[in-house]
Amino acid sequence: MNSKKINIILVVLLAFLPFIARPQTMTLQQCINEALQKNIQLNITRRTNDIYNVNLTQAKYAQYPSLSANANQGFSLGRSLNPITYQYVDQNIFTNAFSLNSTFVIFEGRQLANAILQDRALYDAGKLDIETYRNNIILGVSSSYLQILLDNELIKIADSTIKSDKQQIEITKVMVNAGSVPQLNLYQVQSQLAADQLTLTNNQNQLALDRLTLEQLMDKSDSSGFDIDKPPLPDPPAKIDSIPPSNIYNKTVENQPQVKSTETKLQSANYGIDIARGSAYPRLLLNSSLSTNYSSSRNLTSYQVIPNPQIGYLGSNPNELVYSSFPGQKVTTSPYPFFNQFGDNIGAGFILSLSVPIFNNYIIRANVQQALINKDVAQLNDKLIHDQFRKTIEQSYIDYTGTHRQYLSSLEALRTETEAYNTMVVKYKGGAANASELILEKNKYVGVQSTVAQAKYNFIFKQKVLDFYQGKPITL
């Protein structure tokens, strides 16, 4: 291969290298979707709710009659009782018995119907629990995503600060060489550069930790080549709508899955009381059976009519036979075939069974009391979830308005601090201020920049949380 071809291959590889090495960039929605798909605890919750669905299906089928088939084969040696003919015989016997049995519940205190309602309520509550866990994952991923965006913003501020430090060092070197400022000023500016580089390192470490948090929420086993999309986010508005948190709560409380879940579980507890009380009612069952059998000792008997059977002969003349004037019968036996017995021995039966509970060792009353306690617990849990959501809305609203005020205040502080810092830079270059004064003013300026960035992203997240509770999807 000549050098010209090698150069062409190298040029092609270098052209495609940026695309090959480019990390996978994921948007917020893609991160949420992957977390919802891979989260193990969410999948466990889904599979656990499948059990409730199986229970619901079983409760529905419990209303139908049961049907079972039985087949028995027996072998007896010596003298024994034939289980088919109920006669003692002295021979080896093979027997078969076949039956179909069915039981239909006519009345049982509506326990079956209430069991269906209870299992359906538990299944619906399980689906709402899944939705609640989904919402928690969405909020967690969104928080981590915005935290990473904030980390990147703080890293940019730190990078910009380091660049400014390096410029100040060069300016200070010139001033030191000119003799306008002492050597101490150069040392102070260089020390500030080292401090700002440490701040950059800390911000980068925090970014790595926050990336790890997001990756763990997404269950990413291999985070190499992973990065998030960094869309430009608008600054918070100068004014926001003031809506009382009580209005937000009243409009959103009935749409929250965790609230609807506890309400559904309370319904399930009420059905549990009905089921427990239903066991005190009589039970009326209809049992039916269809059976047949076979025995090897059973013979098939046949009768043949003889018009004038011989009944003897004359004593005086044995050759003279005597016949009866009445018809007679000839009895013959032959083996009774299996399928003939199977069809001939078919029989059916019905039994109506009534069971009335009179005394059952306090079991029914204890079950009712336990069901009533479960209802009280469900009511308290329902009230607890309502109160927790109300407090969440109130806290979210306070955070929303508070971070907005914080952003406006920090924005105003940044405006004034920018003017103060620029003035200090001019004074320093003119020799009217020393390095300590410049560094102090610069640290205040950088601190306000970081405060503005933090207030901005905090406001965006609090706003997204409040919108999410009102049914709006989280988007950037």
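Within a 6.0 Å sphere centred on CD of Gln204, other residues, nucleotides and ligands contribute more than 12 heavy atoms. Residue Lys375 places its NZ atom among 12 or fewer non-hydrogen atoms of other residues, nucleotides or ligands, all under 6.0 Å distant. Heavy atoms from other residues, nucleotides or ligands lying under 6.0 Å from CZ of Phe339 number 12 at most.
Looking at Lys230, its side chain does come within 3.5 Å of a backbone N or O of Ile228 through a donor-acceptor pair. In this structure, Asn72 contributes its side chain and Ala97 its backbone to no donor-acceptor pair below 3.5 Å. Between the side chain of Thr418 and the main chain of Leu414, a donor-acceptor pair closer than 3.5 Å is present. Although no hydrogens or angles enter the test, the distance criterion places no donor-acceptor pair under 3.5 Å between the side chain of Asn49 and the main chain of Thr45. At least one donor-acceptor pair closer than 3.5 Å links the side chain of Asn250 to the backbone N or O of Ser246. When atom types are taken as modelled, the side chain of Thr292 and the backbone of Phe342 share a donor-acceptor pair closer than 3.5 angstrom. Checked by atom type and distance alone, the side chain of Ser289 never pairs as donor or acceptor with a backbone atom of Leu100 at under 3.5 Å. Although no hydrogens or angles enter the test, the distance criterion places a donor-acceptor pair under 3.5 Å between the side chain of His386 and the main chain of Asp382. Checked by atom type and distance alone, the side chain of Thr264 never pairs as donor or acceptor with a backbone atom of Ala125 at under 3.5 Å. Within the 3.5 Å criterion, the main-chain N or O of Ser295 finds a donor-acceptor partner in the side chain of Gln341.
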Problem - Criterion side chain to side chain contact (heavy atoms under 4.5 Å, CB included) on Phe350 and Ser102, from CA distance to verdict - result: CA-CA 10 Å; Phe350 299 91; Ser102 178; over 6 Å; no

Requested in this report: Could you walk me through whether Glu412 and Arg415 pass salt bridge (Lys or Arg N to Asp or Glu O under 4.0 Å), step by step?
Outcome: CA-CA 5 Å; Glu412 178 62 22; Arg415 185 186 66 80; 2.4 Å; yes

List the steps and the verdict of side chain to side chain contact (heavy atoms under 4.5 Å, CB included) for Ile106 and Leu352. CA-CA 10 Å; Ile106 299 176; Leu352 200 60; 3.8 Å; yes

When you look at Phe459 and Ile240, which way does the side chain to side chain contact (heavy atoms under 4.5 Å, CB included) test go after all the steps? CA-CA 11 Å; Phe459 172 79; Ile240 59 175; 4.0 Å; yes

Using the side chain to side chain contact (heavy atoms under 4.5 Å, CB included) rule, take Ile32 and Gln29 through it: C-alpha gap first, then chi angles, then the decisive distance, then the call. CA-CA 5 Å; Ile32 291 174; Gln29 189 58 50; 4.3 Å; yes

Donor-acceptor pairs under 3.5 angstrom involving side-chain atoms of residues 445-456: please list them, not counting sequence neighbours.
unit_1	atom_1	unit_2	atom_2	d
Tyr445	OH	Gln449	NE2	3.3
Ser450	OG	Val446	O	3.2
Thr451	OG1	Gly447	O	2.9
Lys456	NZ	Leu233	O	3.0
Lys456	NZ	Asp235	OD1	3.2

Throw together a table of side-chain donor-acceptor distances under 3.5 angstrom for residues 138-150, partners on residues two or more places apart or in other chains.
unit_1	atom_1	unit_2	atom_2	d
Ser142	OG	Ile138	O	2.8
Ser144	OG	Gly140	O	3.2
Tyr145	OH	Met26	O	3.4
Tyr145	OH	Asp229	N	3.2
Tyr145	OH	Asp229	O	2.6
Gln147	NE2	Asp151	OD1	3.2

Pair up each side-chain donor or acceptor in residues 354-367 with any protein partner under 3.5 Å, not counting sequence neighbours, and list the distances.
unit_1	atom_1	unit_2	atom_2	d
Tyr362	OH	Gln369	OE1	3.3
Tyr362	OH	Gln369	NE2	3.2
Asn367	ND2	Ile363	O	3.3

Listed pairs under 3.5 Å, donor-acceptor, residues 464-476 side chains, sequence neighbours left out:
unit_1	atom_1	unit_2	atom_2	d
Lys464	NZ	Thr475	O	2.8
Gln470	NE2	Leu466	O	3.2

Tabulate below the donor-acceptor pairs under 3.5 Å that side-chain atoms of residues 108-121 make, not counting sequence neighbours, or state none.
unit_1	atom_1	unit_2	atom_2	d
Glu108	OE1	Gln111	N	2.5
Glu108	OE1	Leu112	N	2.7
Gln111	NE2	Ile275	O	3.2
Asn114	ND2	Arg110	O	2.9
Gln118	NE2	Ser268	O	3.3

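Between the side chains of Thr25 and Asp227, no donor N or O sits under 3.5 Å from an acceptor N or O. Donor-acceptor pairing under 3.5 Å is lacking for the side chains of Gln206 and Asn202. There is no side-chain donor-acceptor pair under 3.5 Å between Asn381 and Thr262. The closest side-chain donor-acceptor pair between Asn374 and Gln370, if any, does not fall under 3.5 angstrom.
Every residue was checked against the salt bridge (Lys or Arg N to Asp or Glu O under 4.0 Å) condition with Lys391, not counting sequence neighbours, and none meets it.
In this structure, OH in Tyr249 is found 7.5 Å from CZ in Phe389, a value given to the nearest 0.5 Å. Atoms CG and OG1, from Asn43 and Thr48 in turn, are 10.5 Å apart once rounded to the nearest 0.5 Å. Note that CG of Leu36 is 12.0 Å distant from CD1 of Ile130, once rounded to the nearest 0.5 Å. If you take CD on Gln41 and CG on Asn136, they are separated by 11.0 Å, rounding to the nearest 0.5 Å. Here the CZ-CG distance, from Arg134 to Leu128, works out to 12.5 Å after rounding to the nearest 0.5 Å. From Asn96, atom CG reaches atom CZ of Phe338 across 5.0 Å, with rounding to the nearest 0.5 Å.
Here the closest heavy-atom approach between residue Tyr336 and residue Tyr294 is recorded as O-CE1, 3.8 Å. For Ala238 against His404, the heavy-atom pair with the smallest separation is O-CE1, 3.5 Å. Ala158 approaches Asn203 most closely through the heavy-atom pair CB-ND2, 3.9 Å.
Ring geometry, Tyr281 versus Phe107: the interplanar angle exceeds 60°, so the pair is classed perpendicular (tilted spans 30 to 60°).
Between Asp387 and Lys383, at least one side-chain nitrogen of the basic residue sits less than 4.0 Å from a carboxylate oxygen of the acidic one, meeting the salt-bridge criterion. Under the 4.0 Å criterion applied to side-chain N and carboxylate O atoms, Asp159 and Lys156 are not assigned as salt-bridge partners. Salt-bridge annotation for Asp399 and Lys462: present, with a side-chain N of the basic residue lying under 4.0 Å from a carboxylate O of the acidic one. Contact check on Lys127 versus Glu131 returns no salt bridge, with no Lys/Arg side-chain nitrogen under 4.0 Å from an Asp/Glu carboxylate oxygen.
With a 4.5 Å cut-off on side-chain heavy atoms, Leu290 and Ile346 count as touching. Taking the side chain as every heavy atom from C-beta outward, Leu200 and Ile162 approach each other to under 4.5 Å. Within the 4.5 Å cutoff, the side chain of Asn70 has heavy atoms near those of the Ser68 side chain. Between Thr95 and Gln73, every side-chain heavy-atom pair lies at or beyond the 4.5 Å cut-off. In this structure, the side chains of Tyr397 and Ser242 come closer than 4.5 Å at one or more pairs of heavy atoms. Between Gln216 and Leu212 there is a side-chain heavy-atom pair separated by less than 4.5 Å. Using a 4.5 Å heavy-atom cutoff, the side chains of Leu372 and Val368 are in contact.
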